[in-house]
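Inspection log for the structure reproduced underneath, given as structure tokens.
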Amino acid sequence: MAATTSFGTACFRRKAAQAFAISHSHILRTNANLSFPRNLSSYLLSVPTSSASGVSQAVQALKGEVDVLLKGVREKSVTKEVKHILEMARRASLKREILHTDFLTPPVLKESMQVFEKLADVKAIAQGGYPQAERCRISVGHPEELTSNPDIISALSITGNFQFEPCSHGDFLGSILGTGIVREKLGDIILQGEQGAQIIVVPELVEFLMSTLVKVRNVPVSCTRIPLISLDYEPARTKSFKTVEASLRVDALASAGFKISRSKLVDMISNGDVRINWIPVTTKGTTLKSGDIVSVSGKGRLKIGEINSTKKGKFAVELIRYL
């Protein structure tokens with residue numbers, strides 16, 4: 001009996017170690033990228049690199065081109081991540097291979113895909129499992145190599161009796177991360193009410209989660225792999241209406257969209273409860289534009305639709321509220 005227990009413990013530790021290595025591979029990969037500064041010619045410019053000065057010129061050329069591509073990205077953390085993805089894309093294109101990111105946050109995903117639209121020698125495919133997915137992985141490569149959608153995401157169904165103990169998105173997320181994996185390896189979580197939830201993960205962690213995720217809060221659960229076509233999601237329900245405002249400031253439009261006073265919204269901005277395109281906003285005077293997503297803690301999300309100027313110099317704005 002003791003031998004059986006010891007063997008089971010050894011198996012569990014081995015699986016945990018493997019999962020930790022897979023889950024934290026993005027850290028190792030990032031460090032590896034930083035430690036190999038050779039072959040620095042840009043995928044946009046061909047610069048000689050036969051001497052020390054040539055390498056320096058190549059670095060400056062690459063930096064200059066990337067800075068141009070990223071012009072307009074306001075958040076420094078987003079800029080840093082997109083730069084890393086651009087370097088990955090450059091490498092993939094030059095070596096005629098296909099590389100994949102981890103799951104990206106919505107702002108990084110959005111900015112990255114906009115940059116790739118400007119490049120002719122790099123193709124990018126974003127996959128999140130279903131049309132409304134917020135967190136997606138990007139596959140990058142030369143257009144001649146990246147001809148179909150790579151198999152880089154998997155789905156799991158987490159089932160249990162949640163009738164008497166409903167669990168939130170945060171409960172499922174906390175339990176999953178409690179197994180030792182990192183957030184970057186996990187995509188969206190789709191709540192299924194009393195039945196549990198469905199999650200999107202990297203394929204390498206499917207077996208690990210199936211064997212280690214046994215409880216969400218106090219509810220015993222079982223995990224089974226399901227095909228992506230079995231994901232049970234509901235298209236987002238929205239309500240659209242128009243407002244006329246003197247400015248396009250976030251405090252004005254969000255106040256109208258969420259039906260709360262401007263002073264209360266300003267307080268929420270100060271408390272860090274307001275985000276624009278998933279990035280915290282720090283000033284009430286931030287200007288919004290068509291396509292921006294405003295989220296307020298406890299209130300939901302709002303999309304800025306069409307904007308037109310009125311004869312009196314104001315702005316007629318379409319607001320799309322997610323229900």
Side-chain angles (χ1 to χ4, degrees), residues 11-30 81 84-85 88 98-110 112-113 124-141 146 148-160 162 167-193 195-217 219-234 236 278:
C11 288
F12 176 81
R13 288 177 176 172
R14 185 166 62 251
K15 286 185 178 180
Q18 291 172 345
F20 180 86
I22 294 171
S23 181
H24 291 72
S25 62
H26 70 292
I27 299 174
L28 301 176
R29 184 172 61 249
T30 300
E81 290 195 55
H84 173 71
I85 296 170
M88 178 188 294
I98 301 173
L99 298 177
H100 318 288
T101 69
D102 287 329
F103 284 100
L104 305 174
T105 61
V108 174
L109 176 67
K110 176 184 176 182
S112 298
M113 295 305 290
I125 296 175
Q127 298 183 77
Y130 63 108
Q132 287 80 30
E134 291 188 353
R135 295 174 62 85
C136 296
R137 299 184 73 183
I138 294 179
S139 300
V140 293
L146 192 55
S148 61
N149 291 358
D151 186 17
I152 59 169
I153 54 176
S154 295
L156 282 172
S157 176
I158 304 174
T159 56
F162 294 93
C167 288
S168 66
H169 181 281
D171 292 326
F172 282 96
L173 177 60
S175 297
I176 295 167
L177 299 185
T179 64
I181 75 171
V182 294
R183 187 66 176 97
E184 290 82 2
K185 301 299 180 181
L186 177 66
D188 283 6
I189 298 174
I190 306 171
L191 298 180
Q192 301 290 299
Q195 283 72 45
Q198 296 174 334
I199 64 173
I200 315 297
V201 297
V202 295
E204 301 93 318
L205 289 176
V206 167
E207 291 188 6
F208 173 76
L209 285 172
M210 288 173 61
S211 62
T212 57
L213 183 61
V214 296
K215 184 180 290 187
V216 174
R217 211 158 68 182
V219 180
V221 299
S222 61
C223 296
T224 55
R225 185 169 189 164
I226 59 174
L228 294 176
I229 196 172
S230 296
L231 288 172
D232 185 15
Y233 63 92
E234 291 185 7
W278 294 275

Next item on the list: Nearest 0.5 Å please: distance from the OG1 atom of Thr224 over to the CD atom of Gln198.
Entry: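 CD of Gln198 is found 9.0 Å from OG1 of Thr224.
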Notebook entry, point to check: Roughly how far apart are Leu205 CG and Leu186 CG, rounded to 0.5 Å?
Noted result: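 So the CG of Leu205 and the CG of Leu186 are separated by 9.0 Å.
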Notebook entry, point to check: Within a strict 4.5 Å, meaning less than it, do heavy atoms of the Arg135 and Thr105 side chains meet?
Noted result: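 The answer is yes; the side chains approach within 4.5 Å.
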Margin query: Do Ile176 and Val201 have side chains that approach each other closer than 4.5 Å (heavy atoms only, starting at C-beta)?
Written below: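 Not in contact.
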Notebook entry, point to check: Does a side chain donor of either Asp188 or Tyr130 reach within less than 3.5 Å of an acceptor in the other side chain?
Noted result: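 There is such a pair (donor and acceptor under 3.5 Å, judged by atom type) between the side chains of Asp188 and Tyr130.
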For the student: nearest non-hydrogen atoms of [X] and [Y], plus distance:
X	Y	value
Val206	Leu156	CG1-CD2, 3.9 Å
Gly196	Phe172	C-CZ, 3.7 Å
Gly193	Phe162	O-CB, 4.0 Å
Ile200	Ala155	CD1-CB, 4.3 Å
Ser112	Ile138	CB-CD1, 3.8 Å

Checklist line | Test item: Arg137 side-chain N/O and Thr101 main-chain N/O as donor-acceptor pair under 3.5 Å | finding: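 Yes, the answer is positive, given that a donor and an acceptor are paired below the 3.5 Å cut-off.
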Notebook entry, point to check: Phe103: what forms a ring pair (Phe, Tyr, Trp, His ring centres under 6.0 Å) with it, not counting sequence neighbours?
Noted result: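 For Phe103, no residue satisfies ring pair (Phe, Tyr, Trp, His ring centres under 6.0 Å) once neighbours in sequence are set aside.
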